[in-house]
Enquirer: 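Take this structure first; my questions come after.
Hydrogens, waters and symmetry mates are skipped; everything else that's a heavy atom, side chains included, is used.
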Amino acid sequence: MKVSTEKLPESQILMTIEIEPERLDDARQKALRKLAPRARVPGFRPGKAPAAMVRQYFGEERILDEALDIVVPDAYRQALEADESIFPVARPRLVVETTDPLVVKATIPVRPTVELGDYQSVRVEITPIQVTDERIEEALTAVRRTAATLEPVERPVQWEDVVRLEVEGKVGDEVLVNKQEAEIRLKEDRDVLFPGFEEQLLGHAKGDSFEFGLDVPENISDERFSGKQCRFSVTIQEVKEEVLPELNDEFTKGVGEGFESVDALRERIRADIERAETERREQAWHDEILDKLVEQATIEFPPVMVESEIDRMLHDQGVHPEREEDMARYLSMIGRTAEELHEELKPIAEGRIRRSLVLAQAAVAEGIEVSEAEVDAELERMVVGAGPQGEQLRQVFGSETGRDTMRRNILTRKTLSRLVEIATEGKFGG
């Protein structure tokens, strides 16, 4: 058997295998014996007809196909075992180029290659976290609003009021909106179906009836009304204003787990904002660092990885691409063909793969590893944090598959932390 290999782009190897005629002849004999019991030759019991009659019954083409199914995979396995430099990451694509002599081309996806470049030169802008008094007061107001009451008022409508009204909207003679007791809270800078509607209510009071016109938005679901004007007839039935509870120590004692004073609640709010901002900043750093690493790295990976990543993305959405009915239902729901969906997801999948590969290579470059003790500690933290479901969680993540998942997560965290340390010159890493 003659074997030659050629390196292809995208982390693939083309293996050319020329198989001896004697081996193909032997496979033909095996194919005949395999097919013989299925031959229905008059005058002979199944499996007892002479080889020549079995050959005539099935034809040379069918026998050759069966023989190729026997000899090609076996020859590929033998050729692969003989070349210890090839590490497949998925099944090859086998193509029979000729049958006389028998030549098989195997396109083999192999391990990706990643060259990071000067990853230690990557820097991110260090932005200090600032929690202003204004943000704390806004958060305090939001807390007070959870205990606010609505009280009727006899004054013109203002922002933040809750208005109960009767409204009818017509485009020509067609009724587009018709509600007898609609209740809305007027909030500035909010997207509404009819921009400008809430502004028209300002200044009116309980009992007022009035009309006004607004352009129908272009994104209206019924295209018949698009580009036309809607005339609204409105009657204000009731106006309520939000009354916030007084901010004092008595109020804060009933907030959450209870706070002894307004100052204690302020400090908790400040700490919560700082923690959220720290997480947001770190996530932004992670994204920026990985983007820069991908941009300067040289990365090759086989196309089969993209297909696997697309399948994983669909699974994350609860879609099972291996089930034809499930996939057909999903495509119908989103209104796309399989080809359109594939083209839409492909660049996203490629981006995820590139990030994952540079992250893995950075872990290797920095010598980052995860010990079994770290996995044990992570599992214990998860179990304790899960409360009553802790033991059930231990069973799930205590398996080898579960521990592998945790090991990968820890490795990712440690690697990202090290990259932040490098990119901020040690000021925020660790």
Side-chain angles (χ1 to χ4, degrees), residues 8-12 73 88-95 106-112 114 176 190-194 216-227 279-280 283-284 286-288 290-291 293-295 297 299-360 382 386 389 392-393 395-413 416:
L8 299 178
E10 299 181 313
S11 292
Q12 298 179 106
V89 296
R91 292 180 178 178
R93 181 168 60 88
L94 298 172
V95 176
T107 304
I108 310 169
V110 294
R111 291 175 181 173
V114 182
L176 189 57
R190 178 177 64 174
D191 289 334
V192 293
L193 179 60
F194 281 88
V216 176
E218 293 181 1
N219 61 349
I220 193 78
S221 57
D222 194 331
E223 295 181 356
R224 293 179 302 155
F225 302 123
S226 181
E279 292 175 357
R280 182 196 62 77
Q283 184 59 57
H286 295 164
D287 292 341
E288 185 178 350
L290 287 176
D291 285 344
L293 288 182
V294 167
E295 185 179 345
I299 308 169
E300 268 199 8
F301 52 88
V304 67
M305 288 184 66
V306 178
E307 304 307 316
S308 296
E309 186 63 27
I310 289 174
D311 285 350
R312 190 176 296 112
M313 292 166 64
L314 291 171
H315 273 285
D316 289 345
Q317 298 181 51
V319 182
H320 299 275
E322 69 277 7
R323 301 177 189 169
E324 289 188 15
E325 290 184 3
D326 194 24
M327 195 64 191
R329 186 163 50 247
Y330 178 68
L331 291 171
S332 175
M333 182 179 69
I334 63 174
R336 289 178 179 81
T337 65
E339 292 75 17
E340 289 170 342
L341 179 62
H342 184 275
E343 288 306 306
E344 180 181 316
L345 296 180
K346 183 180 178 181
I348 302 172
E350 289 177 341
R352 287 171 58 158
I353 292 169
R354 291 179 187 278
R355 281 184 160 215
S356 176
L357 289 174
V358 297
L359 193 59
M382 292 173 62
Q389 285 76 41
Q392 183 179 355
L393 204 64
Q395 290 181 1
V396 173
F397 284 94
S399 66
E400 193 53 42
T401 301
R403 290 179 69 85
D404 281 345
T405 299
M406 286 192 295
R407 193 175 292 108
R408 287 194 299 272
N409 291 340
I410 297 169
L411 183 64
T412 296
R413 286 204 307 269
L416 286 171

Enquirer: May I ask you to check whether over 12 heavy atoms, not counting those of Glu400, lie within 6.0 Å of atom CD?
Expert: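 Yes, CD of Glu400 has more than 12 neighbouring heavy atoms, counting only those of other groups under 6.0 Å.
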Enquirer: In Å, rounded to the nearest 0.5 Å, how long is the span from CZ of Arg408 to CG of Leu359?
Expert: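 So the CZ of Arg408 and the CG of Leu359 are separated by 12.5 Å.
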Enquirer: With respect to His286, which candidate in Asp291, Leu416, Thr412 satisfies the side-chain contact (heavy atoms from CB on, under 4.5 Å) definition?
Expert: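 Testing each of Asp291, Leu416, Thr412 against His286, the sole residue satisfying side-chain contact (heavy atoms from CB on, under 4.5 Å) is Leu416.
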Enquirer: So with a 6.0 Å cut-off around CZ of Arg413, is the heavy-atom count from everything else above 12?
Expert: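 For Arg413, atom CZ is crowded (more than 12 foreign heavy atoms under 6.0 Å).
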Enquirer: Using a 3.5 Å distance criterion without hydrogens, assess whether the side chain of Gln392 forms a donor-acceptor pair with backbone atoms of Gln389.
Expert: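 Flag not set: sc Gln392 to bb Gln389 has no pair under 3.5 Å.
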Enquirer: Could you report the tightest heavy-atom contact between Pro112 and Ser11, atom names first, then the distance?
Expert: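 The answer is CA-OG, 3.6 Å.
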Enquirer: Kindly say whether Ala328 contributes a backbone atom to a donor-acceptor pair with the side chain of Ser332 at under 3.5 angstrom?
Expert: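 No.
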Enquirer: Would you compute the distance between atom OG1 of Thr401 and atom CZ of Arg403 and round it to the nearest 0.5 angstrom?
Expert: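 Thr401 atom OG1 to Arg403 atom CZ measures 12.0 Å (nearest 0.5 Å).
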Enquirer: Look up atom CE in Met313 and atom NZ in Lys346, then write down how far apart they are to the nearest 0.5 Å.
Expert: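 Result: 13.0 Å between the selected atoms.
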Enquirer: What's the spacing between Met382 CE and Leu393 CG if we round to 0.5 Å?
Expert: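 Output value for this atom pair is 4.5 Å.
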Enquirer: Please walk me through it: do Glu322 and His315 pass side chain to side chain contact (heavy atoms under 4.5 Å, CB included)?
Expert: CA-CA 10 Å; Glu322 69 277 7; His315 273 285; 3.2 Å; yes
Enquirer: Give, for atom CD1 of Ile353 and atom CD of Glu309, the distance between the pair rounded to the nearest 0.5 Å.
Expert: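 Result: 5.0 Å between the selected atoms.
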Enquirer: One pair to check against side chain to side chain contact (heavy atoms under 4.5 Å, CB included): Val114 and Phe301. What are the steps and the verdict?
Expert: CA-CA 9 Å; Val114 182; Phe301 52 88; over 6 Å; no
Enquirer: Can a donor-acceptor pair be found, under 3.5 Å and without considering hydrogens, that links the side chain of Arg312 to the backbone of Ala349?
Expert: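 Absent.
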Enquirer: Rounded to the nearest 0.5 Å, what's the gap from CE on Met327 to CG on Leu314? Could you check?
Expert: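 So the gap between those two atoms works out to 5.0 Å.
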Enquirer: With a 4.5 Å heavy-atom cut-off, do Glu339 and Glu343 have their side chains touching?
Expert: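 A side-chain contact under 4.5 Å is absent here.
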Enquirer: Give a yes or no on this: more than 12 heavy atoms of other residues, nucleotides or ligands lie within 6.0 Å of atom CD of Glu295.
Expert: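 No, because the 6.0 Å sphere around CD of Glu295 holds 12 heavy atoms or fewer from other groups.
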Enquirer: May I ask you to test the Met305-Pro109 pair for a side-chain heavy-atom distance under 4.5 Å?
Expert: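 Of all side-chain heavy-atom pairs linking Pro109 with Met305, none is under 4.5 Å.
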